[in-house]
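Here is the structure we will look at.
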Amino acid sequence: MEISGKTQVFCVIGDPVEHSLSPTMHNAAFKHLNLNAVYVAFKVKSDELENAIKGIRSLGIRGVNVTMPHKSTIINYLDEVDQTAKFVGAVNTLLNDNGKLIGFNTDGIGALRALKENQAYPEGKKVLLLGAGGAARAIAFQLAQVTEELRILNRNGEKARQLANLLRKELGRNVVGDQLSPILIEKWLEDSDILVNSTSVGMHPNTDQTVVKREWLRNELTVMDIVYDPIETRLIRDSKDAGAKVIHGTEMLLFQGAASFEIWWGRPAPIEVMRNAILKKIREREK
Ligand code: ATR
């Protein structure tokens, strides 16, 4: 694709942003579909966020991904925020619709699609979710709408209880929350169908960390980790070893990106192309 006067610009803003895989994934998709568009990364410090938003408006940047530390504060500067992003209190995708900036959160939809595309269907199932941070809130909001029971455990127990209470109240669904402890993980995992780790445990450089003991994992279980650095986390390794079905963090990364793509372009994202681009980049880095 030749850059021309008609080239549309997309970007991710955050700090740090140098290692974001979004440019890799989206540029691969643009190229594959022959779209006249480029995707770049902009490092934006917290005290520059407001100016950056003005820049997005004035330069007509068409679509933006938002990452740490701006996911929550950005809400103050937008014209509209969709229902999911409102509930989560965080935005990871902006659409610039002829000057109107609309915020979305695709983390939860991405996690749900990652499960389904890997033949794990949470509908009517019991699901154990570890974590109650930003990503966990987005995932919990989507999961709770379809599961028979959603169980949330978090190191800070109050956050897990509050999230469960809110989901019960807002959605009228069966959700419980408590403090993460070995006893409760073992007990709640026993009759769960799916386990989702949405904590940062196991992330580089603490690659040997896990809160789930190998002996609690079994082969009827599906285990999804949202940590993708490394691709093969300790939890994923132990789960494989136990014969469980595993879904790597790269799948959630892929499908949240695919959902952003679909918001911007109104057409299906080229999943396989995006997946290959991410995996190639990560493998190069892991060498
Ligand atoms: P993100 O936006 O990626 O979800 P976050 O909002 O900072 O990031 O959430 C990080 C999650 O990982 C939280 O659930 C956090 O637990 P607390 O709420 O108790 O802080 C969890 N987490 C981080 N380190 C952890 C550890 N060593 N053990 C257990 N949970 C941990």
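Order of listing sets the numbers, starting from 1, for every ligand and every atom in it. Positions are given from 1, in the same order as the sequence printed here. What you see is a predicted model, and the numbers here were worked out from it, not measured in a lab. Heavy atoms only: backbone and side chains are in, while hydrogens, waters and symmetry mates are out.
Enclosure of atom CD in Gln119 by more than 12 non-hydrogen atoms of other residues, nucleotides or ligands within 6.0 angstrom is indicated.
Salt bridge status for Glu232 with Lys240: present, with a side-chain N to carboxylate O gap under 4.0 Å.
Sorted by chain and number, the heavy-atom contacts of ligand 1 below 4.0 Å come from Gly131, Ala132, Gly133, Gly134, Ala135, Asn154, Arg155, Asn156, Lys159, Thr199, Ser200, Val201.
Residues meeting the side chain to side chain contact (heavy atoms under 4.5 Å, CB included) test with Arg173, sequence neighbours left out: Leu171, Val175. Scored by the salt bridge (Lys or Arg N to Asp or Glu O under 4.0 Å) test, Arg237 finds Asp208 as partners (sequence neighbours excluded).
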Give every donor-acceptor pair under 3.5 Å between a side-chain atom in residues 125-145 and any protein atom, sequence neighbours left out.
{"residue": "Lys125", "atom": "NZ", "partner": "Tyr121", "partner atom": "O", "Å": "2.9"}
{"residue": "Arg137", "atom": "NE", "partner": "Val88", "partner atom": "O", "Å": "3.2"}
{"residue": "Arg137", "atom": "NH2", "partner": "Phe87", "partner atom": "O", "Å": "3.0"}
{"residue": "Gln145", "atom": "NE2", "partner": "Phe141", "partner atom": "O", "Å": "3.0"}

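Using a 3.5 Å distance cut-off with no hydrogens or angles, the side chains of Thr147 and Asn174 do not pair a donor with an acceptor.
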